[in-house]
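These notes are about the structure you will find just below.
What you see below is based on every heavy atom in this structure, not just the backbone, and it leaves out hydrogens, waters and symmetry mates.
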Amino acid sequence: MSEIYVRIEQRQVLARIEQAQPVAIIPIGAQGPRGLPGLPGGSSVEVTAGETISSGRAVIMDGGKAYLFQPGTPSHVGRAYGISASSGVLDGDVTVQIAGEITDASFFTFTADTMLWVWANGEIKNTLPTGVPIIQKAGIATGNRKMKIDLTFTTIKDI
């Protein structure tokens with residue numbers, strides 16, 4: 001076996017060539033177009049809705065589609081993916097913010113510096129949900145129409 005260094009477009013690559021093995025050098029293609037910008041202050045993605053989803057709801061991803069997060073559903077525990085930043089219908093596009101802060105969201109009305117929790121159908125409120133042993137945290141309100149996403153889950157006894 002011998003080693004050679006190949007310089008391609010100002011990158012150095014180590015190639016190991018074993019005896020009787022064909023070698024193919026495949027050029028790197030042109031960079032694709034830049035994606036759409038996310039919401040201010042965070043990262044967002046466009047996904048396909050697996051059901052009708054309203055803006056400002058916690059969602060999970062399942063089979064490549066977004067569904068409303070349901071607290072107390074064992075298969076949803078620890079799987080919160082993000083907060084819907086737009087509405088979507090079955091098999092339509094929905095924007096989901098997965099990190100950072102959601103700002104100027106008309107679908108929120110919060111008091112600053114309060115913890116936010118996920119209720120049934122992914123609804124986000126500043127009070128703890130009742131009747132479920134595992135609680136899905138949504139984040140913290142940073143203003144009347146703002147929230148910082150923090151999708152960690154906990155149990156009632158940890159609060």
Side-chain angles (χ1 to χ4, degrees), residues 8-13 26-159:
I8 302 172
E9 295 180 20
Q10 301 179 2
R11 294 183 193 147
Q12 196 167 351
V13 179
I26 302 171
I28 297 173
Q31 183 173 350
R34 185 175 181 94
L36 296 173
L39 297 173
S43 300
S44 64
V45 294
E46 289 287 324
V47 297
T48 302
E51 63 184 325
T52 298
I53 297 175
S54 300
S55 299
R57 303 294 176 115
V59 299
I60 66 164
M61 292 298 291
D62 193 13
K65 294 185 178 185
Y67 294 90
L68 294 170
F69 184 92
Q70 299 293 343
T73 301
S75 64
H76 288 206
V77 172
R79 293 184 53 215
Y81 180 70
I83 308 295
S84 59
S86 69
S87 297
V89 295
L90 176 64
D91 292 328
D93 289 337
V94 62
T95 302
V96 176
Q97 181 129 355
I98 56 176
E101 186 174 32
I102 296 176
T103 60
D104 271 342
S106 60
F107 41 83
F108 290 140
T109 304
F110 297 132
T111 302
D113 299 321
T114 57
M115 294 300 298
L116 303 174
W117 308 96
V118 181
W119 280 64
N121 296 319
E123 188 175 6
I124 298 172
K125 296 183 180 184
N126 61 356
T127 56
L128 285 169
T130 56
V132 291
I134 297 176
I135 303 299
Q136 177 65 51
K137 187 171 155 186
I140 187 164
T142 56
N144 183 36
R145 298 186 183 278
K146 300 177 183 180
M147 74 171 283
K148 182 173 177 157
I149 296 173
D150 178 3
L151 294 167
T152 55
F153 71 96
T154 187
T155 62
I156 290 288
K157 65 183 177 185
D158 294 332
I159 296 176

Minimum-distance pair of heavy atoms, taken over all atoms of V96 and V47: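 So the minimum-distance heavy-atom pair works out to CG2-CG2, 3.7 Å.
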
- line: Closest non-hydrogen contact found for V45 with Y81 is CG2-OH, 3.6 Å

What is the distance from atom [atom1] of [X] to atom [atom2] of [Y], rounded to the nearest 0.5 Å?
X    : Y    : atom1 : atom2 : answer
F110 : N144 : CZ    : CG    : 9.5 Å
K65  : D91  : NZ    : CG    : 3.5 Å
E51  : N121 : CD    : CG    : 7.5 Å
D150 : E101 : CG    : CD    : 12.5 Å
F69  : I60  : CZ    : CD1   : 7.5 Å
T73  : R79  : OG1   : CZ    : 10.5 Å

- request: Give a yes or no on whether the backbone of T95 and the side-chain of S86 come within a donor-acceptor separation of less than 3.5 Å.
  value: yes

Check: T114 side chain, A141 main-chain N or O, donor-acceptor pair, under 3.5 Å: no

Pair R145-T103, side-chain contact (heavy atoms from CB on, under 4.5 Å): steps then yes or no: CA-CA 6 Å; R145 298 186 183 278; T103 60; over 6 Å; no

Do [X] and [Y] touch side chain to side chain, with heavy atoms closer than 4.5 Å?
X    : Y    : answer
E123 : L68  : no
I83  : L151 : yes
Q136 : W117 : no

message: Could you go through I149 and I98, starting from their C-alpha distance and side-chain angles, then the distance that decides it, and tell me whether this counts as side-chain contact (heavy atoms from CB on, under 4.5 Å)?
response: CA-CA 8 Å; I149 296 173; I98 56 176; over 6 Å; no

message: Run the side chain to side chain contact (heavy atoms under 4.5 Å, CB included) test against D113 and tell me which residues pass, sequence neighbours left out.
response: none

